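Single-structure report; data block below.
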Amino acid sequence: MSSRPSKPFKACIRCKALVKPEESQCPICGSSDFTFEWSGMVIVLDPKRSRVAKLLGIDKPGRYALKVGV
Ligand SMILES: [Zn+2]
């Protein structure tokens, strides 16, 4: 066993998008700053109609963390 975090996704620090650990760049904002310290997952299908998306400032469909950081 390695010491790799068991979470299946890492969160983009800039836009909170959740991406697979093997990805090196965020598909949403292009950032390469990620953290495994995130909690809560929200899937946004239609940012224009999602209240959560508005609350989090999300304008692209995708999978996001509700909270990023410790
Ligand atoms: Zn991002």
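Position 1 is the first residue of the sequence, and the numbers go up from there. When a ligand or atom number is given, it counts from 1 through the structure's own listing order. Just so you know, these numbers come straight off a predicted model, no measurement behind them.
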Subject >> Sphere of radius 2.8 Å around the Zn ion (ligand 1) - protein N, O or S atoms inside >> reply: C12 SG, C15 SG, C26 SG, C29 SG
**OP:** Would you please name every residue forming a side chain to side chain contact (heavy atoms under 4.5 Å, CB included) with D33, sequence neighbours left out?
**Re:** I13, S31
**OP:** Report whether V42 and V19 are members of the same hydrophobic cluster (ILVMFWY, side-chain heavy atoms less than 4.5 Å apart, transitive linking).
**Re:** no
Subject >> Distance in Å, C15 SG paired with Y64 OH, rounded so as to fall on 0.5 Å steps >> reply: 5.5 Å
Subject >> Euclidean distance, K16 NZ relative to C29 SG, rounded to 0.5 Å >> reply: 12.5 Å
Subject >> Spacing of K54 atom NZ and K48 atom NZ [to the nearest 0.5 Å] >> reply: 10.5 Å
Original post:
Roughly how far apart are L18 CG and E23 CD, rounded to 0.5 Å?
Top reply: 11.5 Å
